[in-house]
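Read the numbers this way: they start at 1 and go in the same order the structure lists the ligands and their atoms. Side-chain atoms are counted along with the backbone in the values below, which use heavy atoms only and exclude waters and symmetry mates. Every value quoted in this text rests on a predicted model; they were computed, and no experiment measured them.
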Amino acid sequence: MEFNQINMQTDDCDPDRPAHPRIFLTDEAGKSDRARAVDFPVSVVLPAGGTGERTGLQTPKQFCTFLGRPLISYTVQAFERVSWIQSIVVVVAKENMDLMTDIIQRFQHKKVRVVPGGSTRHRSICNGVLALGGEGEGETAAIDRPKVVIIHDAVRPFVEEDFLYKIAMAAKEQGAAGAIRPLVSTVIATTAEGYLDHSLERAKYRASEMPQGFTFDVIYQAYQRCTESDFEFGTECLHLALQYCGTNAKLIQGPPTLWKVTYKRDLAAAESIIKDTLSRSACIVTGGSAHAATLADALQKAVGALALELEVIPDLMGENSSYLLKEWNFIQVSVDSSCLSEVETLLRDLEAANRALLHPLVVIWVRLSSSDEPSISGREVEPSGIMELASEAKTQNILLYGIEIHQAKDTEQWERSVLKAAEITSALIRDRTPALVGQLLQA
Ligand SMILES: Nc1ccn([C@@H]2O[C@H](COP(=O)(O)OP(=O)(O)OP(=O)(O)O)[C@@H](O)[C@H]2O)c(=O)n1
Ligand SMILES: O=C(CO)[C@H](O)[C@H](O)COP(=O)(O)O
């Protein structure tokens with residue numbers, strides 16, 4: 001089921017592509033202070049019933065895994081964290097119902113219901129809309145019908161709350177709303193013989209993307225009235241709203257990260273975005289020692305040039321415990337070789353906070369050793385110590401690495417060591433190399 005590891009780079013050079021779409025942890029649900037809340041009921045249909053033929057892979061793309069987690073779970077989470085979204089219907093092929101139920105349990109998704117899909121995208125979406133309408137579930141279910149339904153392809157994982165807000169508000173006002181993007185290529189019509197018939201004036205046209213929003217009544221009626229041919233060959237929900245309900249959709253330009261994972265290279269791009277997002281920040285824990293704090297400051301300065309945000313804290317007590325809920329990686333700085341116990345405490349705190357449920361978390365133990373005194377007070381760290389701790393942490397989805405910096409009297413040599421440690425830190429957080437887990441690397 002794991003999507004083969006890929007080394008391809010994303011080839012999207014679009015200048016308005018945000019460098020880092022946000023992937024939130026469940027604990028951050030509803031806490032985004034820039035987000036506004038809608039004051040009417042909104043539910044979501046995520047069609048995920050396709051086979052992903054164009055990827056050329058056996059596994060449907062929505063179930064391909066990134067850092068141990070299926071793509072569909074990232075998309076679900078992008079909606080689940082939005083406090084004003086009341087429920088999510090995921091539509092999957094009958095044979096994948098159990099798999100989807102397992103994913104929901106494993107990643108503790110809370111607002112999600114699974115319903116069986118159909119043979120085409122429209123049929124799957126229609127099943128999702130009917131489920132939201134409480135079809136076959138009696139009158140009480142009908143009362144719970146949402147005002148607005150957002151439809152979003154399960155294979156567009158990077159949708160953000162502020163854009164969902166715009167779509168939901170416009171859908172409530174206009175009856176229908178959808179995301180658009182400028183066309184990348186010119187669209188041409190061909191003759192039956194394969195010659196150019198005519199070309200469209202590119203500036204007049206837009207690519208229709210997702211999410212799209214509809215009042216429940218509009219999308220429900222559209223699916224009640226549309227034809228078998230629409231169900232079989234149609235690709236556009238906004239078109240159904242126009243044709244069968246006379247509703248002209250409001251079109252809103254969305255960010256380029258709304259793109260749909262369609263080909264194998266899109267899976268590589270998605271993985272790269274996910275990794276970038278999870279590699280932006282780390283928290284250095286010093287254990288309160290002044291010596292460790294000095295080393296932490298030096299590391300912070302050196303890392304500054306490496307596009308990694310670092311914050312130094314003495315421990316994770318009191319207010320600092322909020323770092324356990326953020327998307328931070330952790331660096332434990334120790335100046336005493338006996339301090340593997342500090343890492344053990346950190347790991348226990350992270351496990352107790354269920355911090356690595358959705359993403360593997362990187363913890364780096366940076367240990368200062370004196371070159372004059374190879375074993376401080378005779379208590380040298382056994383390599384097997386960190387290795388054992390790392391294998392235990394791995395079972396909790398935490399990747400533990402070690403870096404040893406040698407204390408040097410010569411300033412230049414010391415600065416070189418700190419810079420090296422900073423570079424290793426940044427690379428470990430970015431690449432999460434499995435083969436280096438439990439190793440004590442030398443800086
Ligand atoms: N019978 C179908 C077909 C598609 N979809 C969903 O619609 C979304 C967008 O469709 P597309 O990218 O075409 O997905 P696939 O049909 O899986 O891809 P392909 O056309 O390459 O087979 C996907 O989340 C897909 O799972 C669906 O729910 N039910
Ligand atoms: O962007 C869309 C407009 O509604 C749909 O996602 C798209 O049309 C469906 O994708 P595909 O044609 O690849 O099945």
Side-chain donor/acceptor of Gln62 to backbone N/O of Ala48, under 3.5 Å: yes
Nearest heavy atoms of Ile386 and Leu340, plus distance in Å: N-CD2, 3.9 Å
Under a 4.5 Å cut-off applied to non-hydrogen side-chain atoms, are Val159 and Phe79 in contact? yes
Which atom names give the shortest non-hydrogen contact between Pro314 and Val285, and what distance separates them? O-CG1, 3.5 Å
Name the residues with a heavy atom less than 4.0 Å from ligand 1? Pro47, Ala48, Gly49, Gly50, Thr51, Gly52, Glu53, Arg54, Lys61, Gln62, Gly118, Ser119, Thr120, Arg121, Ser124, Asp153, Ala154, Val155, Lys260
Is the ring pair Phe66/Tyr74 parallel, tilted or perpendicular, if the boundaries are 30 and 60 degrees? perpendicular
Phe163 six-ring face occupied by Lys166 cation (under 6.0 Å, within 45°): no
Short N or O separations between ligand 2 and the protein, below 3.5 Å:
| from | atom 1 | to | atom 2 | distance (Å) |
| --- | --- | --- | --- | --- |
| ligand 2 | 1 (O) | Arg156 | NH2 | 2.8 |
| ligand 2 | 1 (O) | Ser208 | O | 2.9 |
| ligand 2 | 4 (O) | Thr235 | O | 3.1 |
| ligand 2 | 4 (O) | Glu236 | OE1 | 3.4 |
| ligand 2 | 6 (O) | Arg121 | NH2 | 3.4 |
| ligand 2 | 6 (O) | Asp153 | OD2 | 2.5 |
| ligand 2 | 6 (O) | Arg156 | NH2 | 2.9 |
| ligand 2 | 8 (O) | Thr235 | O | 3.0 |
| ligand 2 | 13 (O) | Arg54 | NH2 | 2.6 |
| ligand 2 | 13 (O) | Lys260 | NZ | 2.8 |

Examine distances only and state if a side-chain atom of Arg202 and a backbone atom of Pro182 form a donor-acceptor pair shorter than 3.5 Å. no
If the threshold is 4.0 Å, N to carboxylate O, is there a salt bridge linking Glu228 and Arg123? yes
Within 45 degrees of the axis of the six-membered ring of Tyr220 and under 6.0 Å from its centre: does Arg145 put its NZ or CZ there? yes
